[in-house]
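One-based numbering, in listed order, for ligands and for the atoms of each.
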Amino acid sequence: MGVAVMKLRNPPVNSLSLECLTEFTISLEKLENDKSIRGVILTSECPGIFSAGLDLLEMYGRNPAHYAEYWKNVQELWLRLYTSNMILVSAINGASPAGGCLLALCCDYRVMADNPKYTIGLNESLLGIVAPFWFKDMYVNTIGHREAERALQLGTLFSPAEALKVGVVDEVVPEDQVHSKARSVMTKWLAIPDHSRQLTKNMMRKATADNLIKQREADIQNFTSFISKDSIQKSLHMYLEKLKQKKG
Ligand SMILES: CCCC/C=C/CC(=O)SCCNC(=O)CCNC(=O)[C@H](O)C(C)(C)COP(=O)(O)OP(=O)(O)OC[C@H]1O[C@@H](n2cnc3c(N)ncnc32)[C@H](O)[C@@H]1OP(=O)(O)O
């Protein structure tokens with residue numbers, strides 16, 4: 001039926017390393033150019049984890065040129081996903097913090113597994129960093145200004161039930177039904193003529209995408225100088241240590 005399934009596979013936690021981001025963008029571009037493909041189901045092959053978000057090791061202890069290169073690729077993936085002409089449905093089969101949530105938010109419909117261990121949200125403030133304006137814009141578009149403001153300040157990671165309530169996801173289903181539900185949602189969306197659905201999607205999303213496109217270079221510079229600050233590097237160091245200690 002012209003539907004591809006993209007499975008994220010970057011063990012152990014599907015963090016979005018520079019290599020992973022680049023491969024993701026290239027795969028998406030290929031699918032976009034393949035006229036036989038009308039929809040993509042985005043899911044994970046890592047048990048219990050959809051994506052841990054941006055790779056913290058790409059943002060810690062590197063040089064400004066690396067940060068700039070990394071951020072350019074984060075922007076590129078986001079623009080491709082958010083403005084895709086294809087129908088994107090996410091089958092969220094695990095934890096989905098920060099950049100993981102960002103991937104899901106780019107989709108046209110989000111189905112999440114009903115497992116309270118899995119959480120989703122833009123938790124950047126918990127790391128001592130600030131979600132960029134285009135993450136924020138997409139959050140506001142999805143859950144409204146008040147919920148987004150609260151969730152961004154608190155860095156809320158929602159359980160599936162909470163995520164459904166505020167509208168971060170569209171549907172929560174038993175874990176073993178995530179993929180079948182994503183497929184049935186896709187079938188419903190495929191019934192809509194592509195040209196009218198695509199023009200409607202473009203109408204809804206263009207302003208948000210253009211907002212980044214018109215200031216991409218400045219956004220890269222902002223990111224680079226922010227992430228290079230000693231205080232921010234210290235926060236990331238502490239967060240990485242906390243992740244390590246969790247194990248011990
Ligand atoms: C202007 C600045 C804006 C920048 C925007 C940033 C957006 C982002 O996406 S920042 C990244 C935010 N991500 C997180 O906060 C997620 C952190 N990770 C977790 O909460 C957990 O790892 C998990 C719930 C995803 C999985 O838990 P689990 O118990 O299964 O695995 P762990 O033992 O915690 O992790 C295994 C291994 O992976 C490393 N790791 C985890 N997340 C990341 C990551 N995002 N980047 C790089 N590495 C990560 C973790 O440290 C462990 O490493 P070691 O085995 O070496 O200890």
Side-chain angles (χ1 to χ4, degrees), residues 8-21 24 44-62 64 66-78 81-82 92-106 112-113 115-139 148 151-160 163 168 212 215-248:
L8 293 169
R9 187 180 53 229
N10 188 23
V13 292
N14 274 341
S15 59
L16 300 169
S17 63
L18 182 55
E19 190 186 354
C20 178
L21 281 175
F24 195 164
S44 159
E45 225 174 67
C46 286
I49 293 155
F50 181 69
S51 166
L54 300 192
D55 194 321
L56 294 164
L57 302 177
E58 303 280 7
M59 302 188 285
Y60 174 72
R62 308 287 194 118
H66 181 84
Y67 298 140
E69 175 67 8
Y70 183 61
W71 201 245
K72 189 173 158 217
N73 280 277
V74 176
Q75 290 178 338
E76 190 61 38
L77 176 61
W78 181 76
L81 270 177
Y82 192 64
I92 307 163
N93 51 349
S96 196
C101 177
L102 188 83
L103 299 180
L105 289 171
C106 285
M112 187 168 187
N115 183 333
K117 281 194 201 142
Y118 303 163
T119 57
I120 185 166
L122 296 181
N123 63 327
E124 281 79 357
S125 66
L126 297 182
L127 283 71
I129 56 179
V130 182
F133 70 87
W134 38 287
F135 287 41
K136 176 268 294 175
D137 287 347
M138 194 170 50
Y139 222 19
L152 281 168
Q153 286 196 49
L154 295 174
T156 310
L157 285 168
F158 296 103
S159 69
V168 172
L212 173 62
Q215 43 187 326
R216 269 187 89 165
E217 208 38 59
D219 183 57
I220 292 172
Q221 277 170 26
N222 279 343
F223 170 77
T224 303
S225 67
F226 179 77
I227 213 77
S228 302
K229 281 186 204 291
D230 285 347
S231 58
I232 300 302
Q233 287 290 305
K234 211 166 150 193
S235 294
L236 289 178
H237 175 75
M238 281 162 57
Y239 190 74
L240 281 162
E241 284 300 307
K242 223 160 63 183
L243 282 177
K244 275 207 182 90
Q245 278 163 18
K246 201 182 69 176
K247 279 182 171 167

**OP:** Return the option from G53, P12, A95, A52 holding the heavy atom at the smallest distance from atom 24 (C) of ligand 1.
**Re:** A95
Original post:
Can you tell which of L54, D219, L16 gets a heavy atom nearest to atom 9 (O) of ligand 1?
Top reply: L54
Of all heavy-atom pairs between [X] and [Y], which one has the smallest distance, and what is that distance?
X	Y	result
I220	W71	CA-CD1, 3.9 Å
W78	C106	CD1-SG, 3.4 Å
E124	A131	CB-N, 3.8 Å
L126	G155	CD1-O, 3.4 Å

Taking [Y]'s backbone N and O only, do any of them form a donor-acceptor pair with [X]'s side chain (distance below 3.5 Å, no angle check)?
X	Y	answer
S44	C46	yes
E58	L18	yes
Q233	M59	yes
R62	S228	no
S159	P116	no
N123	A98	yes

What protein heavy atom sits nearest [atom], and how far away is it?
atom	answer
atom 57 (O) of ligand 1	K247 NZ, 3.1 Å
atom 18 (N) of ligand 1	L243 CD2, 3.7 Å
atom 4 (C) of ligand 1	I129 CD1, 3.8 Å
atom 38 (O) of ligand 1	V13 CG2, 3.7 Å
atom 7 (C) of ligand 1	E124 OE2, 3.2 Å

Would you say ligand 1 has an N or O under 3.5 Å from any N or O of [X]?
X	answer
Y239	yes
G99	yes
L56	yes

Report, in ascending order of atom number, the atoms of ligand 1 lying under 4.0 Å from any heavy atom of [X].
X	value
A98	7 (C), 8 (C), 9 (O), 12 (C)
S15	44 (C), 46 (N)
F226	1 (C)
L127	10 (S), 12 (C), 15 (O)
F223	1 (C), 2 (C)
K246	21 (C), 27 (O), 28 (P), 29 (O), 32 (P), 34 (O)
I49	26 (C), 30 (O)
V130	1 (C), 2 (C), 3 (C)

Original post:
For ligand 1, is any non-hydrogen atom under 4.0 Å from L126's backbone (N, CA, C, O), its side chain (CB onward), both, or neither?
Top reply: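 Neither; no heavy atom under 4.0 Å.
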**OP:** Answer with yes or no whether the side chains of S15 and D55 bring together a donor and an acceptor at under 3.5 Å.
**Re:** yes
Original post:
Does atom 27 (O) of ligand 1 have a protein non-hydrogen atom under 4.0 Å from it?
Top reply: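 Yes, at least one protein heavy atom sits under 4.0 Å from atom 27 (O) of ligand 1.
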Original post:
Does the protein put any heavy atom within less than 4.0 Å of atom 44 (C) of ligand 1?
Top reply: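 Yes; the ligand atom in question has protein heavy-atom contact below 4.0 Å.
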Subject >> Parallel, tilted or perpendicular: ring planes of Y67 versus F223, cut at 30 and 60 degrees >> reply: perpendicular
Original post:
Within less than 4.0 angstrom of ligand 1, does D55 place any heavy atom?
Top reply: yes
Subject >> Of L21, N73, V74, the residue whose pairing with L16 passes side chain to side chain contact (heavy atoms under 4.5 Å, CB included) >> reply: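 So the option named by the test is L21.
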